[in-house]
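Nothing fancy with the numbering, it's 1 onward along the sequence. When reading the values below, keep in mind they use all heavy atoms of this one structure, side chains included, and skip hydrogens, waters and symmetry mates.
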Amino acid sequence: LDFGCGSLRSGKLFIPYLNTGNYYGQEPNQWLIDEGIRNELGDDLILIKKPTFSNQSDFTIGFEEKFNFVVAQSIFSHTNLDLMKKGLVSIYSSLEEDGLAIVTIIEGDDYQGSEAWVYPGCTTFSSNTIRAVFSELGCEWRRLPWFHPEQTWFVLSRNKTFLPSMKDTFMLLGGE
């Protein structure tokens, strides 16, 4: 599941490599999906790979399926705390028992604004707040040392044994 798939910036990379029918994209703005299809993928690839899209706009998952992998890149960098919690609960609830969710959040001072969705601006949350949200969710999690110019990557799971080890995440960076 590509949660907040937008104009398929990630979808254009996932769809060609996934088996037919295995890409799910959640995006409240259908016009963004349409632009991604028109400018990045083309109608033929959509016919061949048969991705499924949902236009849920309330931060719930628009699919009954359970997912083994969910990515939410640059979604929670635009939400207040309540909307972030709602989205994370939806994502966590949609995971298979051995599934992983990868999300980005900008670390900083806790967002104090009144808007639930801040775009094109960004929101930030303290490390303590992020830990508290993950704890409230009841998930196992790990911060990933993946590069992003502003955001921090986190991996969430129902079971700690499915999280990448610290050694594995270090090796991804070219360590020894």
Side-chain angles (χ1 to χ4, degrees), residues 1-43 45-106 111 113-125 129-130 132-134 136-141 148 151-158 162:
L1 171 65
D2 191 354
F3 188 82
C5 65
S7 59
L8 307 176
R9 289 188 329 176
S10 296
K12 71 181 178 188
L13 303 173
F14 299 148
I15 292 170
Y17 293 98
L18 290 171
N19 289 336
T20 299
N22 281 356
Y23 176 88
Y24 289 78
Q26 174 100 14
E27 172 56 50
N29 299 299
Q30 182 62 45
W31 69 271
L32 282 171
I33 296 169
D34 294 341
E35 286 295 310
I37 292 169
R38 183 172 20 266
N39 296 312
E40 303 292 343
L41 290 168
D43 292 331
L45 190 57
I46 297 301
L47 289 171
I48 293 167
K49 291 295 187 164
K50 297 180 180 22
T52 304
F53 297 101
S54 168
N55 299 127
Q56 291 290 112
S57 62
D58 62 357
F59 275 68
T60 60
I61 302 296
F63 305 105
E64 297 296 321
E65 288 80 358
K66 296 287 186 182
F67 298 97
N68 56 8
F69 190 76
V70 178
V71 63
Q73 196 271 329
S74 198
I75 302 304
F76 304 118
S77 56
H78 300 289
T79 65
N80 70 2
L81 186 58
D82 290 338
L83 204 52
M84 178 174 69
K85 286 180 182 180
K86 185 174 186 178
L88 287 172
V89 165
S90 294
I91 288 170
Y92 186 66
S93 298
S94 75
L95 282 178
E96 292 276 2
E97 286 303 312
D98 61 349
L100 297 174
I102 310 292
V103 303
T104 59
I105 302 171
I106 302 175
Y111 170 69
S114 61
E115 298 294 319
W117 179 253
V118 178
Y119 191 84
C122 290
T123 60
T124 61
F125 298 97
T129 297
I130 295 166
V133 168
F134 292 160
E136 185 179 315
L137 190 58
C139 68
E140 300 292 337
W141 65 277
H148 193 290
Q151 302 188 46
T152 302
W153 288 95
F154 297 91
V155 59
L156 314 176
S157 178
R158 295 183 171 284
F162 295 113

For the backbone of [Y] and the side chain of [X], can you confirm whether one donor and one acceptor N or O come within less than 3.5 Å of each other?
{"X": "Lys50", "Y": "Thr20", "result": "no"}
{"X": "Ser57", "Y": "Pro28", "result": "no"}
{"X": "Gln73", "Y": "Asp2", "result": "no"}
{"X": "Ser94", "Y": "Ile91", "result": "yes"}
{"X": "Asn55", "Y": "Glu27", "result": "yes"}
{"X": "Gln26", "Y": "Gly62", "result": "yes"}
{"X": "His78", "Y": "Thr123", "result": "no"}
{"X": "Arg9", "Y": "Gly36", "result": "no"}
{"X": "Lys66", "Y": "Ser93", "result": "yes"}

Report task. Say whether Ser74 and Gln151, considering side chains only, have a donor N or O and an acceptor N or O under 3.5 Å apart. Result -> yes
Which heavy-atom pair separates [X] from [Y] by the least distance, and what is that distance?
{"X": "Leu95", "Y": "Arg158", "answer": "O-NE, 3.2 Å"}
{"X": "Phe59", "Y": "Ile75", "answer": "CE2-CG2, 3.7 Å"}
{"X": "Ile61", "Y": "Ser90", "answer": "CG1-O, 3.4 Å"}

Requested in this report: Could you label the plane-to-plane angle of the Trp117 and Tyr119 rings as parallel, tilted or perpendicular, counting under 30° as parallel and over 60° as perpendicular?
Outcome: parallel
Query raised in the report: How are the rings of Tyr23 and Phe14 set relative to one another: parallel (under 30°), tilted (30 to 60°) or perpendicular (over 60°)?
Result: tilted
Query raised in the report: Got a sec, which residues hit salt bridge (Lys or Arg N to Asp or Glu O under 4.0 Å) with Glu136, two or more places apart in sequence or on another chain?
Result: Lys85
Report task. Would you mind telling me which of Thr129, Ile130, Ile106, Ile105 makes a side chain to side chain contact (heavy atoms under 4.5 Å, CB included) with Thr124? Result -> Ile106
Query - side chain to side chain contact (heavy atoms under 4.5 Å, CB included) between Tyr111 and Leu81, worked out - result: CA-CA 8 Å; Tyr111 170 69; Leu81 186 58; over 6 Å; no
Query raised in the report: Below 6.0 angstrom between ring centroids: does that apply to Phe134 and Phe154?
Result: yes
Requested in this report: Decide if atom CG of Asp58 counts as having more than 12 heavy atoms of other residues, nucleotides or ligands within a radius under 6.0 Å.
Outcome: yes
Report task. Among Phe53, Phe67, Phe69, Phe3, find the residue that satisfies the ring-ring contact (aromatic ring centres under 6.0 Å, His included) test when tested with Tyr24. Result -> Phe67
